[in-house]
Amino acid sequence: MREAYHEELASISDGLVEMANMVSSAMGMATTALLDADLQLAESVISGTARVDDLQHNLEDRAIAVLARQQPVARDLRVVVTSLRMSADLERCGVLAQHVAKLARMRFPEKAVPRDLRRTILEMGQLAQRLMAQAAEVLITHDVNAALQLETDDDRMDELHRTIFQHLMDEQWHHGVATAVDVTLVGRYYERFADHAVAVAQRLVYLVTGEHADTLTTHGPA
C-alpha cells in the first residue's frame with residue numbers, strides 16, 4: 001500500500017512536469033504563429049490547450065483522491081497541496097499561450113506585430129518559453145537554488161515589457177490604436193506567463209524546504 005501511495009505521489013509530480021513542458025512548447029509555437037502569421041500553427045496551439053486542461057483535471061482528481069484515502073501529513077501533504085496550486089498556474093499558462101495564438105488568428109493574414117517591435121516580442125516569447133522550461137527542470141531536480149534563480153531571470157521580462165510601453169508612448173508611433181491594443185495585450189500575456197513560471201518555481205521551493213521563497217531570498221537558502 002505504501003509503495004502504491006508513493007507511486008501515486010510520483011505520478012502527480014510527473015504530471016506537473018508534462019504540463020510545464022506542454023505549455024512551454026505551446027508558447028513557443030504561439031510566438032511563431034504570431035510573428036509569422038501562421039494560421040495553421042495558431043489553430044494547433046488553440047486546439048492543443050484542451051490537452052492541458054485534461055491533464056489538470058486528471059491531476060486534481062488524483063491529488064484529491066490521495067488526500068481522501070491517505071490523509072498525508074508533513075512533506076507528503078505539501079506535495080499534494082502544492083501540486084494543486086502548481087497545476088492551476090500551469091493551466092493558466094496554457095490559456096495565455098492560447099490568447100497569443102488567437103491574436104495571430106484574429107489578425108491573419110496580416111501580422112499583428114509591427115516590424116519595429118518584432119525583436120522585442122520575439123525575445124519575450126523566447127524568454128517565456130525558457131523560464132517555463134527552467135520551471136519544468138526544477139520540478140524534476142528539486143534544485144532550490146535553481147528555482148530561486150527564476151525570479152532574477154524574470155527581471156528581463158519586466159524590462160522588455162517596459163520597452164513595449166516606451167514604443168507606444170513615442171510620438172513616432174504610427175501603427176494605429178488597434179495595433180497598440182494588440183501589442184499591449186500580447187506583452188501582458190508574456191509577462192503573466194513568466195510570472196506563473198516563477199510562481200511554479202517558488203512553490204517548488206516551499207515543497208522542498210517548507211519555507212516560502214521570499215523568506216529564503218531574504219536570508220539565503222539553507
Exercise. Between His212 and Tyr206, what is the ring plane arrangement, given parallel below 30°, perpendicular above 60°, and tilted in between?
Worked result: parallel
Exercise. Taking the side chain from Thr32 and the backbone from Gly28, do they hold a donor-acceptor pair closer than 3.5 Å?
Worked result: yes
Exercise. Taking NZ, NE, NH1 and NH2 as the nitrogens, is one of them in Glu137 or Arg130 under 4.0 Å from a carboxylate oxygen of the other?
Worked result: no
For this session: Could you state whether Leu77 and Leu59 fall into the same hydrophobic cluster, counting links through intermediate Ile, Leu, Val, Met, Phe, Trp or Tyr residues with side-chain heavy atoms under 4.5 angstrom apart?
Result: yes
Problem set entry | Ser25 side-chain N/O to Asn21 backbone N/O, donor-acceptor pair under 3.5 Å | no
Exercise. Quick one: does Asp182's side chain get under 4.5 Å of Leu103's, heavy atoms only?
Worked result: yes
Problem set entry | Exam field: side chain Ser11 to backbone Glu8, donor-acceptor pair closer than 3.5 Å | yes
For this session: Give a yes or no on whether a salt bridge exists between Arg51 and Asp54, defined as a side-chain N under 4.0 angstrom from a carboxylate O.
Result: no
Problem set entry | Any donor-acceptor pair under 3.5 Å from His161 side chain to Glu159 backbone | no
Exercise. Is the backbone of Leu84 close enough, under 3.5 Å, to the side chain of Ser87 for a donor and an acceptor to pair up by distance?
Worked result: yes
Exercise. Between Glu110 and Arg107, is the closest basic N to carboxylate O distance under 4.0 Å?
Worked result: no
Problem set entry | Pro114 side chain near Val183 side chain, heavy-atom distance below 4.5 Å | yes
Exercise. When you measure from the side chain of Arg78 to the backbone N and O of Leu207, does any donor-acceptor pair fall under 3.5 Å?
Worked result: yes
Problem set entry | Joint cluster assignment, Val144 & Ile140, ILVMFWY side-chain distance < 4.5 Å | yes
Exercise. So which residues get pulled into Leu39's cluster when ILVMFWY side chains under 4.5 Å apart are joined, directly or through others?
Worked result: Phe108
For this session: Spell out, yes or no, whether Met27 and Met86 are grouped together once hydrophobic residues are joined by side-chain heavy atoms under 4.5 Å, including indirect joins.
Result: yes
Exercise. For Ile46, does its backbone N or O pair with a side-chain atom of Gln98 as donor and acceptor, under 3.5 Å?
Worked result: yes
For this session: Determine the minimum heavy-atom distance between Glu91 and Met19, stating which atoms define it.
Result: N-CE, 3.8 Å
Exercise. Side chain of Ser44, backbone of Gln40: donor and acceptor closer than 3.5 Å?
Worked result: no
Seminar exercise, completed: In short, Asp153 meets Gln134 closest at the heavy-atom pair OD2-NE2, 3.1 Å
Problem set entry | Distance-minimising heavy-atom pair for Gln129 and Ser24 | O-OG, 2.9 Å
